[in-house]
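Notes follow the structure.
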Amino acid sequence: MCGFGRPGRRPTPACRSSANDSMTKRMTTAQATIAFLKNQYSERDGKQFRFFEGCLGIFGHGNVAGLGQALEQDHDWPYYLVRNEQAMVHTAAAFAKASNRLRTLVSTTSIGPGATNMVTGAAGATINRLPVLLLPGDIFARRNVAPVLQQLESARTQDISVNDCFQPVARYWDRIERPEQILTAFPAAMQVLTSPAETGAVVIAMPQDVQAEAFEYPDGFFQKRVWVISRPRCDSQLLAKATEWIRSSQKPLIVAGGGVIYSEATEALGKFASATGIPVVETQAGKGSLPYDHPQALGAMGVTGTPGANILAREADLILGIGTRYSDFTSASQTAFQNPSVRFVNVNVCEFDAGKQAALPLVADARVTIEELTARLDGFHVEEPYAARARSLSQEWDKEVDRIYNLGWGPPISQGEVIGVVNEVSEAPDVVVCAAGSMPGDLHKLWRARDPKGYHLEYGYSCMGYEIAGGLGVKMASPEREVYVMVGDGSYLMMAQEIVTSLQEGYKLNIVVVDNHGFSSIGGLSRACGNQGMGTEYRYRQNGKLDGNVISVDFVENARSLGACAVRARTREDLRRALLDARRRSQTSVVVVETDYAKRVPAYESWWDVPIAEVSEVESVAAARTKYVEARKKERFF
Ligand SMILES: Cc1ncc(C[n+]2csc(CCOP(=O)(O)OP(=O)(O)O)c2C)c(N)n1
Ligand SMILES: [Mg+2]
């Protein structure tokens, strides 16, 4: 392969074939990048997918003449112009999540601010274990014209740019200083992106000059390559031991995480739970693992969990954690599992997660392991009193959801009722999307999931602004489903601009803006910590304080100005009607509903560690501290 190992960067045009006779093609780094990416495929269970369905981007001088040129001359690979680089990464991550990580989108930016705008999105993707490929432009490798526009200068080194900010939030990070480096960088990137255990944000910084440089690339680089996503099986001795542990348990409980859904193990889990009678609770990422009315389903667990799930977790003597990272919201800051002799068995493709909670680690794919456990546990069933207890807790919860859905509060109505109306108007295959504020907790508890892909919460990073951008990614991945984006007024004000992209591309979203004039979530938290909610409501400054009149933002006019169809709903009936109208429409629609800031869904049988000031002259803070110190005593080490 001509050009390899040569000190010079430009092979001679005559050099067309290598010693083993493979042909080469003279292309720019950017052209070769696009040609490579288009030909990558994933495969699982015999089904193949084009791994990169297209490229999202915003051009600037750092990519327009390189990647921009390559994308423009290529007509059979979609390019999507978006409005904000952070949003673009959320869109790509949501697309990947909705596709069970079998497909994703590429993101290209200019250098400088365009690039660093993606850092938040990259962190979100990595934390949520979602594959996204980011190609930020970078400063000249040639260096002679430095400092270029938007370059970070350093007196210490010339080998630095703002793209180094991506290092801690990327699962693979690289910078292409010579055109031939992509021959090794991109295959390595693909390896990480398609590994269920390793995946996350992959960042390949592309210096502006190198993007435009040409090289004799070997044809082999552009041939179709299929990355098989396997279903690894675990060590058989550990599996035998896990079986023994489960058989000898009195109160086993399954914690279903995102891995159950990504592995498409939901059906297998349903059968396993039916056969063994073991109750199932779900994390945010795992919600939808079972339909809400499955006999063994106890719904959400942890800080935002249902009473039944949290009571059973507290008492369980064996936790079978499948595809979960055990975030503090799941473990209730390590207070969830109080049985002194509780043991953990973790099924996880990722060794790092499998070992958490001092568990017996079954490092393996969720689906095949559930199937193997089902076979090995043949004849095992939890005892009837335990099964009956789980059943009755589940029935009680169902009544509580009905109560909250039909509260008859206001107007302004309660957030629980808004969730009820959206749940009732939406159909089984539809998707609800949310990320930050008070809604994720309420949705986790209250949403009646009917389809494994129907509940899309970004709660690893809980990033305000993910909602609309993420909704767009979900719709791009599943255009046949109606997508319901639930967004708080705070999140909407942070990032609503992808409404324009949704209209541009004809990807219809149903957006519900829940307007409570501020941060109901953080306001509630502030008060729970003994404070008075300073800085958590949108109010005018008055006498030096932010406690004047409510700032009313006209979200209807705002959404209309972006081109969406928008209406206001005051009552539950208004909301239902508006959502039914939106369903019939083909273009993005926004329904704005005012809710009562203070009418919250309670927490049930759980706790979250948010440290309270150890010393304070404020009585309520001191009181909160006393309670906090007491509650912390329940935190356990495993
Ligand atoms: C990017 C980002 N900044 C800050 C936060 C911290 N935070 C979590 S919820 C929240 C308020 C959200 O307000 P809104 O969207 O109106 O939802 P509400 O709390 O009213 O339900 C804030 C500031 C965050 N999660 N993400
Ligand atoms: Mg709000």
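Remember, it's 1-based here, ligands and their atoms both numbered in the order they're listed. Keep in mind that the numbers below use all heavy atoms, side chains included, and drop hydrogens, waters and symmetry copies.
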For Arg576 and Glu424, what are the C-alpha separation, side-chain angles and deciding distance, and is it a salt bridge (charged side-chain N to carboxylate O under 4.0 Å, His left out)? CA-CA 9 Å; Arg576 189 184 313 277; Glu424 282 160 16; 3.5 Å; yes
For Lys627 and Glu630, what are the C-alpha separation, side-chain angles and deciding distance, and is it a salt bridge (charged side-chain N to carboxylate O under 4.0 Å, His left out)? CA-CA 5 Å; Lys627 270 170 68 185; Glu630 200 45 39; over 6 Å; no
May I ask whether Gly518 has any heavy atom positioned less than 4.0 angstrom from an atom of ligand 1?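 A heavy atom of Gly518 does come that close to ligand 1.
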Applying a strict 4.0 Å limit to heavy atoms, is Ser462 in contact with ligand 1? yes
Look at [X] and state whether any of its N, O or S atoms is less than 2.8 Å from the Mg ion (ligand 2).
X: Asp489; value: yes
X: Ser491; value: no
X: Gly518; value: yes

For [atom], what is the nearest protein heavy atom, given as residue, atom name and distance?
atom: atom 17 (O) of ligand 1; result: Gly437 CA, 3.7 Å
atom: atom 15 (O) of ligand 1; result: Ser491 N, 2.9 Å
atom: atom 8 (C) of ligand 1; result: Ile522 CD1, 3.7 Å

Residues Glu537, Arg527: salt bridge by 4.0 Å N-O rule: yes
side-chain hydrogen bond (donor to acceptor under 3.5 Å, both in side chains), that's the test. Do Arg636 and Ser331 meet it? Break it down for me. CA-CA 10 Å; Arg636 295 185 67 184; Ser331 78; over 6 Å; no
Any side-chain heavy atom of Pro136 within less than 4.5 Å of one from Val203? yes
So, applying side-chain hydrogen bond (donor to acceptor under 3.5 Å, both in side chains) with Ser426, which one of Glu482, Arg450, Arg583, Arg448 is it?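 It is Arg450; the other options fail the test.
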Proximal candidate to atom 11 (C) of ligand 1 [heavy atom criterion; set Tyr461, Tyr466, Phe519, Tyr459]: Phe519
Tyr455 and Tyr292 aromatic centres sub-6.0 Å: no
Report, in ascending order of atom number, the atoms of ligand 1 lying under 4.0 Å from any heavy atom of [X].
X: Ser520; value: 18 (P), 19 (O), 20 (O)
X: Gly490; value: 13 (O), 14 (P), 15 (O), 16 (O)
X: Ser521; value: 9 (S), 10 (C), 11 (C), 18 (P), 19 (O)
X: Ser438; value: 18 (P), 19 (O), 21 (O)

Would you say Met464 has any N or O atom under 3.5 Å from an N or O of ligand 1, going by distance alone?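 Yes - when backbone and side-chain N and O of Met464 are compared with those of ligand 1, one distance drops under 3.5 Å.
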For ligand 1, is there an N or O atom under 3.5 Å from any N or O atom of Gln415?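 Gln415 vs ligand 1: no N/O contact under 3.5 Å.
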Test log, rule ring pair (Phe, Tyr, Trp, His ring centres under 6.0 Å), inputs Tyr80 and Phe95: CA-CA 13 Å; Tyr80 305 97; Phe95 182 96; 8.7 Å; no
